[in-house]
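Below is one structure, written out as structure tokens, with a few remarks after it.
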Amino acid sequence: MKNTKLTTLAASALLATTTSVSAADVEVLHWWTSGGEAASVNYLKGKLSDAGVGWTDFAVAGGGGENAMTVLKSRAISGNPPTAAQIKGPSIQEWGDLGFLADINGVAEKNNWDELLPAVVADVMKHEGKYVAAPVNVHRVNWMWSNPEVFRAAGATIPTTWDDFMVQAKKLQDAGYVALAHGGQPWQDATVFEAVVLGVGGADYYNKAFVEMDMDALNSDTTVEVFETFGNLRQFIDANAPGRDWNVATSMVIEGQAGMQIMGDWAKGEFKVAGKNVGTDFVCSAAPGTSGAHTFNVDSFAFFAQGTTSGTGAQNIMAAEILGTDFQTVFNLNKGSIPARLGVSRDEFDTCAHDSMDAFVASSASGSLVPSFAHGMALPSAVAGAVVDSATNFFNSDQSAEEGAAQLVASMAAAM
């Protein structure tokens, strides 16, 4: 969504920024519809209800959020955006540039958000120095989820490098298991591609190529190597992968049909809902080659300008509740992520969450904390779309690594 392409949208929508919900309600657009995600949303609904604010749910299924963003743009064009919408990364700035977003800086100052949030998180939530969004969590995207019983039965070990992944995945496959549980949807293809980029190229290459959009880094042998590794994964997914939702792929690991899944830590919420325990029923480990790095995805609610004082009041209550320690704890326990705010007790969180918290701090110090380009945190939306399209087109074709790399470079250059 480039600003130059949405000038007309902004002009028409700002003529009539109204809301269809009652004064004491918030209407919230999101795409959290799986088991663990739904439990997290329901807790926020309950917190707002206790504060006297009703919740009108506007859930649009689709794990990557593409469907939700299409609906949001339609609502904005009609001059009737929701109270809040799940928006991430550079897209927050794009909506802010268009003048749609509400200033919630008063809530932030009253509750000391600048002191509670890491700078890397706070900066994303602001437009022109003022808060317009509230973060609910920090996801680590570069996780691999494994079923230890499947590995034992196949005589395999959980891999830590991409070379070893190919060896161990073959053992799982030969033993009759699906080696890599995967859903053949563009955003899922991009999630795996992103893990390969980081594991093969390292954080420095990742930042140069997929954050700074450096053409020298993109036009390199490393990019070809990334595509070679990514292409080698095709053989380890099953024929029913196309169109499969991510949580269905997670269920394959939970039920012992598959050995591994590469997916963000929201997958842990599905293991929890299924009553599974970390260490015995499932293992969380960094995606191959990425143990010292942390790919972050910050989920947040951006707040849209309201036409009434009462509507703004309900919106401010929602913003304040999101950064409360109680909500940050329970929400992230359900969701599988870690709190966005600092100072939340670790006591109730499991070892996967502790690993994520430690990696977040350590990678921030080492320079290997990187924003997820597959999940809208690193690139302008047009460029991010070009990357996702290139990754999924390659993965679902018989293109060579050289052809895939060339297509990626050309697509990104055209979208810049």
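Sequence positions, counted from 1, serve as the residue numbers for this chain.
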Holding to salt bridge (charged side-chain N to carboxylate O under 4.0 Å, His left out), I want the full list of residues that pass it with Arg346, two or more places apart in sequence or in another chain.
Asp358
Step through the shown structure and confirm whether more than 12 heavy atoms of other residues, nucleotides or ligands are within 6.0 Å of NZ on Lys45.
yes
So among His139, His375, His30, Lys88, which one has a side chain to side chain donor-acceptor pair (under 3.5 Å) with Asp299?
His139
Any side-chain to backbone donor/acceptor pair from Glu212 onto Phe210? Under 3.5 Å, distance only.
no
If you count the non-hydrogen atoms of other residues, nucleotides and ligands that lie under 6.0 Å from CD in Glu403, is the total more than 12?
yes
Would you say the side-chain atoms of Asp214 pair up with the backbone N or O of Asp216, donor to acceptor, closer than 3.5 Å?
yes
Rounded at 0.5 Å granularity, tell me how far CD in Glu128 sits from CD in Gln93.
8.5 Å
Just by modelled atom types, is the Leu218 backbone N or O under 3.5 Å from a matching donor or acceptor in the Tyr205 side chain?
no
Any chance the side chains of Asp245 and Gln185 put a donor and an acceptor closer than 3.5 Å?
yes
Asn137-Ser337 side chain donor-acceptor pair, cut-off 3.5 Å:
yes
Quick check on Asp221: does its CG atom have over 12 non-hydrogen neighbours (other residues, nucleotides or ligands) under 6.0 Å away?
no
Is the NZ atom of Lys208 crowded by more than 12 outside heavy atoms at less than 6.0 Å?
no
